[in-house]
Amino acid sequence: MTYTNPAKQPYIRPLPISTKLWIYTNYDCNLRCSYCVAESHPKAPRRELPLATIKKIVDEAVELGFEGIYFTGGEPFILNDIYEMLAYSSARVPTTVLTNAMLFGNGRLQKLVEIKNERLFIQVSLDGSRPEHQDPYRGKGSWQRTVDGLGRLLESGFQIRLSTTETPANTAYLAEICEFRRSLGISDCDHIIRPLAKRGYSQAGMDVGKHNLVPEMTINAEGVYWHPLSTDPDLLVRAEIFPLAEAVSQIQAELERIASPQNTGREEFH
Ligand code: SF4
């Protein structure tokens, strides 16, 4: 398989890892979900990546052949310069930003509308078709606030994906949740349903680590990690972000080192 960059130039060899690149823009959040793998909350240290660093990451990622950049947190829309980050990235490569959609009741939505383009996708976390599917984990009133924000984004014409975390509160209602999502005009292929992961605040869910996760290179202010599900020290690849090519090589080398016939459980974590 030959990967191509947006200018359609073939690369000499395909990237040895997932072509998704994740960026943790910040760790603070307006919510404190009880299953948050990032341990985010309103007073969490921000651990912000500066705009200039983001631009350099995007430039190198495009050069290396990454085909999609995903901005996550914390809640990225807490940051004042998230719009410039997204505009810069989506001008170069398909770009997705993850959000709880609760902060679009003021000027933020207008700023986002100003940078809207066909390569920008908004991924909204929504765990149900009713408050009782979501509020036990994400906070009282959170479902309604997310649905309100989602409605504003849809009215503004954004390309929306939904992300649902399966929990004991909603696992019996996944069909109903999908029906609700279809009623919003969001297609099946734009809906991710993933299990709980036992990381961060979550005391339950899948045990995840380098042994069973397909690497999806992830960057935060402290370095480069194996996968966006966790930036715990055991998933650190290297403390230096640049050059990104070095981190790709290290992931590949580590993948080869830990791969074995017994390691059959490695899966892409959706
Ligand atoms: S799961 Fe998402 S919305 Fe909830 S606290 Fe963590 S970052 Fe914030």
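Note that ligands are numbered from 1 as they come in the structure, with each ligand's atoms numbered from 1 the same way. These values consider heavy atoms only, across backbone and side chains, with no hydrogens, waters or symmetry-generated copies.
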What's the verdict on side-chain hydrogen bond (donor to acceptor under 3.5 Å, both in side chains) for Tyr173 and Asp127, showing C-alpha distance, side-chain angles and the deciding distance? CA-CA 10 Å; Tyr173 302 98; Asp127 288 351; over 6 Å; no
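Counting heavy atoms from C-beta on, the side chains of Arg32 and Arg138 never come closer than 4.5 Å.
Under a 4.0 Å heavy-atom criterion, Gly74 is in contact with ligand 1. Under the 4.0 angstrom criterion for non-hydrogen atoms, Arg138 is in contact with ligand 1.
Among protein heavy atoms, atom 4 (Fe) of ligand 1 sits closest to Cys33 SG, 2.3 Å. The single protein non-hydrogen atom nearest to atom 6 (Fe) of ligand 1 is Cys36 SG, 2.3 Å, given as residue, atom name and distance. Among protein heavy atoms, atom 8 (Fe) of ligand 1 sits closest to Cys29 SG, 2.3 Å.
A salt bridge links Arg46 and Asp28; the closest N-O separation between the charged side-chain nitrogens and carboxylate oxygens is under 4.0 Å. Taking the charged nitrogens against the carboxylate oxygens, Glu254 and Arg257 do have a contact shorter than 4.0 Å, which makes a salt bridge.
Between atom CD of residue Gln250 and atom CD1 of residue Ile17 there is a gap of 11.5 Å, rounded to the nearest 0.5 Å.
The residue from Asn100, Asp127, Thr165, Thr72 that puts a heavy atom closest to atom 3 (S) of ligand 1 is Asn100.
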